[in-house]
Amino acid sequence: MRNLLFICSRNQWRSPTAEAIWRKHPDFNAKSAGTSPRAKKTVSSADVRWADVIFVMEQKHKNRLMAEFSRILDHKPVHVLDIPDEYKYMDSELVQELESVVGAYLES
């Protein structure tokens, strides 16, 4: 089982949707968190250590992770999905995009 960590800003719409999609998959464990102090669940060093692969919704999320957890992130893949903050939780377009983009990374 591979551990997938999904990151957005407030852990409200995008990353919880990704977690919901991928935690149903038999080959993966999934968690989500946010980079904002106001996130429902703020990303921690324990989350980063737990993850085998990290997916961030935007470059700013990767930048923040690199600033805060640079030593823990050595040799850990962090993929920028380029998914803007314009969706609600489980929006059908968001689900399709996450399945497609994340699926492509996981197959390679």
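Everything quoted here is computed from the prediction, not taken from an experiment.
- Between P16 and Y89, some side-chain heavy-atom pair lies under the 4.5 Å cut-off.
- Transitive grouping of hydrophobic side chains (ILVMFWY, heavy atoms separated by less than 4.5 Å) brings I72 and V43 into a common cluster.
- Atom CD of E97 is separated from atom CG of D82 by 9.0 Å, given to the nearest 0.5 angstrom.
- Counting heavy atoms from C-beta on, the side chains of K41 and D47 come closer than 4.5 Å.
- Residues L73 and I54 form a side-chain contact, since some pair of their non-hydrogen atoms from C-beta on lies under 4.5 Å apart.
- Counting only heavy atoms from C-beta outward, the side chains of W50 and N29 approach each other to under 4.5 Å.
- Side-chain atoms of S32 do not come within 3.5 Å of backbone N or O of N11 as any donor-acceptor pair.
- Between S15 and C8 the shortest heavy-atom distance is OG-SG, 3.0 Å.
- Residues F69 and S45 come closest through the heavy atom pair CE2-N, 3.5 Å.
- Under the 4.5 Å side-chain heavy-atom criterion for ILVMFWY residues, no single connected hydrophobic cluster contains both V101 and V78.
- Under the 4.5 Å side-chain contact rule for hydrophobic residues, I83 and F6 share a cluster.
- To the nearest 0.5 angstrom, E68 atom CD is 8.5 Å from R64 atom CZ.
- Put simply, the residue from H79, H61, K62, R14 that forms a side chain to side chain contact (heavy atoms under 4.5 Å, CB included) with F55 is H79.
- Annotation: side chain of R10 is not in contact with side chain of K40 (no heavy-atom distance under 4.5 Å).
- Side-chain atoms of T17 come within 3.5 Å of backbone atoms of M90 as a donor-acceptor pair (strictly under, hydrogens ignored).
- No side-chain heavy atom of V56 sits under 4.5 Å from any side-chain heavy atom of L81.
- Distance CH2/W13 to CG/L94: 11.0 Å, rounded to 0.5 Å.
- Between the CG atom of D85 and the CD atom of E58 there is a distance of 6.5 Å, given to the nearest 0.5 Å.
- Contact check for V53 versus N3: no side-chain heavy atoms found under the 4.5 Å cut-off.
- Both L98 and L4 are part of a single hydrophobic cluster, where members link through side-chain heavy atoms under 4.5 Å apart.
- In this structure, A30 and E19 approach most closely via the heavy-atom pair O-OE2, 3.5 Å.
- Note that NZ of K60 and CG of L65 are 12.5 Å apart. Values are rounded to the nearest 0.5 Å.
- Scanning both residues, M1 and P26, for their nearest heavy atoms gives SD-O, 3.0 Å.
- Both I21 and Y87 are members of a single hydrophobic cluster when ILVMFWY side chains are connected at heavy-atom separations under 4.5 Å.
- In this structure the side chain of L106 never reaches within 4.5 angstrom of the side chain of H25, judged on heavy atoms.
- How far NZ of K31 is from CD1 of I7: 10.5 Å, rounded to the nearest 0.5 Å.
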